[in-house]
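The sequence lines fix the lettering, A, B, ..., with proteins before strands; numbering per chain opens at 1. Note that the structure is a prediction, hence the values are computed from the model and not measured. As a basis for the values below, the full set of heavy atoms in this structure was taken, side chains included, without hydrogen atoms, waters or symmetry mates.
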Number of protein chains: 2
Amino acid sequence: MHASKKAIPPSVVKRLPKYLAYVQALCLEKVEWVSSNELAEQLGLTSSTVRQDFSYFDFSGISKRGYETIGLQNMLINILGVDTAWQVVVVGAGNLGRALALHEEFPRRGFNIVGIFDKDPTKLGMKVGALDVKPMRELPTVIGRHKVNMGIVAVPAVAAQSVADLLIVAGVKGLLNMALTHIVAPDTVSVIDSRIVASLLELSHSVSFSR
Amino acid sequence: MHASKKAIPPSVVKRLPKYLAYVQALCLEKVEWVSSNELAEQLGLTSSTVRQDFSYFDFSGISKRGYETIGLQNMLINILGVDTAWQVVVVGAGNLGRALALHEEFPRRGFNIVGIFDKDPTKLGMKVGALDVKPMRELPTVIGRHKVNMGIVAVPAVAAQSVADLLIVAGVKGLLNMALTHIVAPDTVSVIDSRIVASLLELSHSVSFSR
DNA sequence: CTCTATCTGTCAAACTTTTGACGAAAGGGA
DNA sequence: TCCCTTTCGTCAAAAGTTTGACAGATAGAG
């Protein structure tokens with residue numbers, strides 16, 4: 001089903017979304033070819049890294065031309081698993097949760113937000129785009145009915161683990177953690193941290209110590 | 001000023017916010033000691049990694065007890081540069097930009113949002129918490145007046161680079177990029193990507209390929 | 001048709017990060 | 001007091017990642 005020589009190393013997977021974003025832009029501009037050199041320059045990498053990365057998948061470039069943009073795009077879409085539509089729920093209807101539920105970029109990339117939940121009774125029924133905020137007890141039903149496979153955890157740190165547990169029990173296979181805490185999950189469930197505050201702290205360090 | 005034996009490797013810096021979050025929680029619960037083993041288990045690491053990481057800073061544990069939580073917390077705060085208050089502006093007053101400007105976690109961690117900007121005239125003057133949305137031309141003034149050192153780029157991909165350039169010219173030293181594009185910056189300016197969509201794509205890959 | 005410049009694919013070397021092993025310090029019970 | 005267990009700090013081996021170098025392919029100019 002998914003064609004690739006062997007498992008792709010994590011370091012490479014992290015760069016794939018970058019490649020995809022750039023190649024999609026090129027496709028829209030009707031550019032047909034792109035070289036490892038151009039990709040490297042635009043994405044802050046070396047051309048060697050780019051070629052090495054692409055060597056993990058069944059896709060070849062042509063000397064003197066580079067890589068065919070549409071083919072590359074399809075390859076990346078396939079490898080990233082974006083060729084299937086994902087059903088996603090958001091837990092936490094605070095500022096961040098609501099913003100994510102409304103983020104236009106998600107549906108555009110194949111991630112459909114099918115529900116938003118909060119335990120705070122004062123938030124229930126609140127309209128967030130086409131959705132309204134539902135109580136936590138409806139989580140399993142919605143996840144079952146829409147065959148939801150991913151959950152976005154956008155609650156305060158203290159609640160993150162228990163929300164994650166609820167999502168996992170309900171059958172979700174991937175979690176995007178926006179809280180600063182670490183989430184423990186069985187290894188049948190993937191967890192990726194996108195902790196904005198952690199990034200700012202990291203930034204704070206590099207700004208403090210840059211010459 | 002900042003006490004540390006030598007430059008801390010990037011891999012270690014990435015983990016520091018995790019340690020800090022956990023240790024701060026312990027401090028609140030009045031726990032006085034924590035072992036490398038407990039940290040490892042709670043944060044999904046090995047105890048060896050934890051001890052190796054801490055060996056980069058001037059801070060020692062005690063055999064049979066572990067690390068003193070308050071001292072560790074202070075050390076991490078110092079190294080992450082969170083002992084100084086940071087002044088931050090947000091560019092882009094879409095859903096995401098507004099949510100970030102309102103995010104309670106930022107001021108709590110020492111990041112003060114002092115302005116939010118957008119080029120769309122229909123958004124100007126809109127209230128976002130205590131701030132109102134200002135036009136791009138006021139960016140340099142606000143940055144100068146408040147001694148702003150960081151900018152959060154929360155605009156669509158096509159505009160990200162030009163917004164970054166404006167922030168850099170105005171003197172900002174760190175950028176948090178929420179767009180899916182790569183941002184090019186001189187090496188006196190640090191850029192960290194916190195691209196939520198990229199994380200979801202990564203997640204999509206690991207869910208697709210998990211056994 | 002040949003030559004040249006460009007660009008890929010691959011390999012091995014250099015570098016970085018993680019892990020496992022072990023000696024030494026410290027606390028607590030016999 | 002002495003031993004036993006826990007836990008640290010350090011080191012070196014193992015694993016993972018990035019880079020540089022170069023052979024071979026190909027397009028286009030002359």
Side-chain angles (χ1 to χ4, degrees), chain A residues 3-19 22-23 26 31-72 75-76 182 187 193 202 205-206, chain B residues 3-19 22-23 26 31-69 71-72 75-76 182 187 193 202 205-206 209:
Chain A
S4 71
K5 289 171 195 170
K6 40 162 69 182
I8 298 176
S11 53
V12 177
V13 173
K14 284 229 190 65
R15 281 187 291 266
L16 299 185
K18 272 193 162 183
Y19 293 132
Y22 189 74
V23 172
L26 291 179
V31 176
E32 285 187 52
W33 298 92
V34 63
S35 68
S36 58
N37 235 290
E38 179 183 348
L39 282 164
E41 237 162 70
Q42 295 299 317
L43 304 180
L45 307 167
T46 67
S47 65
S48 196
T49 300
V50 174
R51 292 199 300 279
Q52 181 80 277
D53 285 356
F54 291 3
S55 77
Y56 286 100
F57 28 99
D58 279 347
F59 179 78
S60 292
I62 294 180
S63 292
K64 195 76 207 227
R65 287 210 191 169
Y67 302 89
E68 204 262 309
T69 51
I70 296 182
L72 180 55
M75 196 64 186
L76 290 166
H182 175 79
D187 58 358
D193 294 323
E202 219 182 308
H205 171 84
S206 45
Chain B
S4 72
K5 289 169 195 169
K6 40 161 67 179
I8 299 176
S11 53
V12 177
V13 173
K14 283 226 191 66
R15 282 187 290 268
L16 300 184
K18 273 193 161 184
Y19 293 130
Y22 190 74
V23 171
L26 291 179
V31 176
E32 286 187 52
W33 299 91
V34 63
S35 67
S36 58
N37 236 291
E38 178 183 348
L39 282 165
E41 237 161 70
Q42 295 299 317
L43 305 180
L45 307 167
T46 67
S47 65
S48 195
T49 301
V50 174
R51 292 200 300 280
Q52 181 80 276
D53 285 356
F54 291 3
S55 77
Y56 287 100
F57 31 97
D58 280 346
F59 179 77
S60 293
I62 295 180
S63 292
K64 196 76 209 238
R65 287 209 192 168
Y67 303 90
E68 203 262 307
T69 51
L72 180 54
M75 197 65 193
L76 290 166
H182 175 78
D187 59 357
D193 293 323
E202 219 181 307
H205 171 84
S206 46
F209 288 86

Fill in: Sub-4.0 Å heavy-atom contacts from residues 43-53 of chain B onto DNA chain C, ordered by number
Thr46(B), Ser48(B), Thr49(B), Arg51(B), Gln52(B)
Where do N or O atoms of nucleotides 27-29 of chain C meet protein N or O atoms at under 3.5 Å, pair by pair?
none

Fill in: Nucleotide dT10(C), atom P - distance to CZ of Phe59(A) in whole Å
14 Å
Worksheet item: Quick one: Ile8(B) CD1 to dT16(C) P, roughly how many Å, whole number?
Response: 16 Å
Worksheet item: To the nearest angstrom, how far is Trp33(B) atom CH2 from dT6(D) atom C1'?
Response: 14 Å
Worksheet item: Would you say the side chain of Leu26(B) lies within less than 4.5 Å of the side chain of Glu38(B), judging by non-hydrogen atoms?
Response: yes
Item to complete: Would you tell me if any nitrogen or oxygen in the side chain of Ser36(A) comes within less than 4.0 Å of OP1 or OP2 on dT8(C)?
Response: yes
Worksheet item: Taking for each residue the nucleotide of DNA chain D with the nearest heavy atom, is it Gly61(B) or Arg15(A) whose nucleotide lies nearer the 5' end?
Response: Gly61(B)
Discussion item. With a cut-off of less than 4.0 Å, is there a side-chain N or O of Ser11(A) near OP1 or OP2 of dT18(D)?
Written reply: yes
Discussion item. I'd like to know if the side chain of Thr69(A) and the backbone of Glu32(A) have a donor-acceptor N/O pair within less than 3.5 Å.
Written reply: yes
Fill in: Separation of dT7(D) P from Glu32(B) CD (nearest whole Å)
16 Å
Item to complete: Would you indicate, yes or no, if dT17(C) has its OP1 or OP2 atom less than 4.0 angstrom from a side-chain nitrogen or oxygen of Tyr56(B)?
Response: no
Worksheet item: Any chance CD1 of Ile70(A) has more than 12 other-residue heavy atoms, nucleotides or ligands included, within less than 6.0 Å?
Response: no
Worksheet entry | Whole-Å distance separating the CG atom of Asn37(A) from the P atom of dA21(D) | 15 Å
Practice prompt. Specify the separation, in whole Å, of atom CZ of Phe54(A) and atom P of dT8(C).
Written response: 9 Å
Worksheet item: With a 6.0 Å cut-off on ring centres, are Tyr19(A) and Tyr22(A) close enough?
Response: no
Worksheet item: Any side-chain heavy atom of Ser47(A) within less than 4.5 Å of one from Arg51(A)?
Response: yes
Discussion item. Apply side chain to side chain contact (heavy atoms under 4.5 Å, CB included) to residues His182(A) and Gln42(B) and explain how you reach the verdict.
Written reply: CA-CA 7 Å; His182(A) 175 79; Gln42(B) 295 299 317; over 6 Å; no
Worksheet item: How about Phe54(B) and Leu39(B): do any of their side-chain heavy atoms sit closer than 4.5 Å?
Response: yes
Worksheet item: Does the side chain of Arg15(B) reach to within under 4.5 Å of the side chain of Leu43(B), using non-hydrogen atoms?
Response: no
Fill in: Side chain of Pro9(B) (C-beta onward), nearest among dT17(C), dT7(D), dT18(D)
dT17(C)
Worksheet item: Is a side-chain donor or acceptor of Ser36(B) paired with a backbone partner of Val50(B) at a separation under 3.5 angstrom?
Response: no
